[in-house]
K.L.:
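Structure provided below as structure tokens; questions to follow.
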Amino acid sequence: FEINFEPVHALLQSLYSDKKHGNRPCDPQIVLRSFLLKAAFKETSINKWVRRLRSEPILALFCGTTAKKSPSVGTYYELLKRLENGPYQKKCRHRILPSEQRIGSSRLEPRKKKPKDKAEIVEREKGLIKKYAQQTIAKENQPIVKDQEKFINEILFLTAVKPSADKGFIKNLEKLVVAGDGSTVISCAAKNGKPTCDCRRKGIYDCEHLRSYSDKDAQWGWDNLEKDFIFGYRYWQLVCADNKHDLPIYLNINSANTHEAYMLIRAIDRFDKQAQLLAPSMQIKEIALDALFDIHAVYDYLNYKNLRYAIPYASSPGKCICLGDKDQFFTEKGEPICPGGL
């Protein structure tokens with residue numbers, strides 16, 4: 001009852017054609033509210049949720065409709081496709097929609113063994129993260145791509161973040177104190193896919209024919225908590241940590257083989273661009289992260305964004321020479337130098 005979806009009405013309507021031909025689509029606000037109610041009841045199946053709305057009129061009433069007029073299964077999936085495809089455009093045979101591209105291709109990478117030489121893989125990752133940070137800075141003045149992540153976070157901002165700030169749950173908008181962390185999400189899809197041939201019937205169990213994967217975006221990735229590979233996604237979020245509540249202000253999800261440092265840089269960059277459009281006074285000033293982000297490229301990017309940070313060391317730091325009561329001086333790379341500048 002407290003959530004108001006009117007601020008995102010125009011945003012949701014932009015996903016649909018303004019031509020008054022054919023049947024009227026189901027109000028996307030009803031579908032979005034139904035998604036939230038579905039999550040509150042911890043229901044993971046859209047099919048089961050649709051049947052429940054049809055049999056329990058009070059739940060349909062909470063969504064803003066009646067049991068007989070509650071959204072069908074296809075309506076939920078259609079809204080997800082529209083969020084992925086972005087603002088409505090007239091169909092053209094020369095343009096393939098993002099949702100069609102995702103269904104028509106599989107980028108599954110084989111599970112890789114954890115390398116024995118940890119130092120080698122760490123150095124390679126650090127080099128790639130540094131390159132990504134430089135690319136992000138170079139594209140800083142470019143607008144946000146109108147993808148699914150943009151629409152989801154814009155809905156979150158207009159319906160939750162901004163109202164929470166207006167009610168005083170989020171304070172000091174000009175100097176936000178945030179924390180960032182991620183976790184893995186295991187996919188429910190078959191990790192080995194399904195065969196597209198009849199080799200198994202012929203007694204051939206190790207064929208090289210193509211396999212069908214129902215979850216096209218899931219990948220194999222390492223989970224530090226479980227100390228094992230998982231098949232699925234990596235979820236990452238920024239939360240406002242300057243009060244009694246840990247309220248999410250930006251969400252990001254990617255395949256499980258994505259390093260969290262990429263997701264941090266992407267989240268900060270896109271949050272700043274989003275805030276400039278929707279709330280120019282909102283700005284992150286301090287951020288807390290775990291030891292996974294103890295990387296020079298991350299420090300350089302946070303310093304470039306003028307953010308104060310709290311990050312524990314991933315390994316014991318080298319001891320600095322004591323120079324008495326005078327201040328210790330450092331180079332831009334963190335190397336100690338004497339008061340004489342040597």
K.L.:
When you measure from the side chain of Arg82 to the backbone of Leu15, do you find a donor-acceptor pair of N or O atoms at a distance under 3.5 Å?
P.N.:
yes

K.L.:
Is Lys227 paired with Asp223 through a side-chain N to carboxylate O contact shorter than 4.0 Å?
P.N.:
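No salt bridge links Asp223 with Lys227.
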
K.L.:
So, for Ala190 and Phe231, which heavy atoms are closest and what is the spacing to 0.1 Å?
P.N.:
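That closest heavy-atom pairing would be O-CE2, 4.3 Å.
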
K.L.:
Taking the basic N atoms (NZ, or NE/NH1/NH2) and the acidic carboxylate oxygens, is any pair closer than 4.0 Å for Glu149 and Arg266?
P.N.:
yes

K.L.:
Would you tell me whether Asp215 and Tyr233 have side-chain atoms, one donor and one acceptor, within less than 3.5 Å of each other?
P.N.:
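Judged by distance alone, the side chains do pair up.
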
K.L.:
With a 3.5 Å cut-off and no angle check, do the side chains of Tyr88 and Gln13 form a donor-acceptor pair?
P.N.:
no

K.L.:
State plainly whether the residues Asp27 and Arg33 are in salt-bridge range, i.e. N to O under 4.0 Å.
P.N.:
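No, this pair does not count.
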
K.L.:
With no hydrogens and no angle check, is any side-chain donor or acceptor of Glu226 less than 3.5 Å from a backbone partner on Asp228?
P.N.:
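Not confirmed, Glu226 side chain does not pair with Asp228 backbone.
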
K.L.:
With ring centroids as reference points, do Tyr299 and Tyr309 lie under 6.0 angstrom apart?
P.N.:
yes

K.L.:
Side chain of Asn257, backbone of Gly221: donor and acceptor closer than 3.5 Å?
P.N.:
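Checking the backbone N and O of Gly221 against the side chain of Asn257, no donor-acceptor pair under 3.5 Å is found.
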
K.L.:
Tell me if a side-chain donor or acceptor on Asp198 pairs with a main-chain N or O of Arg201 at a distance below 3.5 Å.
P.N.:
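Absent.
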
K.L.:
Do Lys130 side-chain atoms and Val298 backbone N/O form a donor-acceptor pair below 3.5 Å?
P.N.:
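It does not hold such a pair.
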
K.L.:
Parallel, tilted or perpendicular: which fits the ring planes of Trp222 and Phe229, with parallel below 30° and perpendicular above 60°?
P.N.:
perpendicular

K.L.:
Closer than 4.0 angstrom, basic N to acidic O: yes or no for Lys305 and Asp272?
P.N.:
yes

K.L.:
Under 3.5 Å, is there a donor-acceptor pair linking the side chains of Arg270 and Tyr250?
P.N.:
yes

K.L.:
Whether Arg308 and Glu286 form a salt bridge (side-chain N of Lys/Arg under 4.0 Å from carboxylate O of Asp/Glu) is what I want to check.
P.N.:
yes

K.L.:
Answer yes or no: is there a donor N or O on one side and an acceptor on the other, between the side chain of Thr136 and the main chain of Tyr132, under 3.5 Å?
P.N.:
yes

K.L.:
So, for Asp294 and Ile311, which heavy atoms are closest and what is the spacing to 0.1 Å?
P.N.:
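In terms of heavy atoms, the two residues are closest at N-CG2, 4.0 Å.
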
K.L.:
Could you check whether any side-chain N or O of Thr75 sits under 3.5 Å from a backbone N or O of Pro71, counting only pairs where one atom can act as donor and the other as acceptor?
P.N.:
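No: the side chain of Thr75 does not pair with the backbone of Pro71.
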
K.L.:
Ignoring hydrogens, what is the shortest heavy-atom contact between Gln237 and Leu251? Give both atom names and the distance.
P.N.:
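Taking Gln237 first and Leu251 second, the nearest heavy atoms are OE1-CD2, 3.6 Å.
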
K.L.:
Anything under 3.5 Å between a donor and an acceptor, one on a side chain of residues 49-57, the other on a protein residue two or more places apart or in another chain? List them.
P.N.:
| from | atom 1 | to | atom 2 | distance (Å) |
| --- | --- | --- | --- | --- |
| Trp49 | NE1 | Ser34 | OG | 2.9 |
| Arg52 | NE | Glu56 | OE2 | 3.0 |
| Arg54 | NE | Ser70 | OG | 2.7 |
| Arg54 | NH2 | Ser70 | O | 3.1 |
| Ser55 | OG | Arg51 | O | 3.1 |
| Ser55 | OG | Arg52 | O | 3.1 |

K.L.:
Are the side chain of Lys146 and the backbone N or O of Gly86 linked by a donor-acceptor pair below 3.5 Å?
P.N.:
no

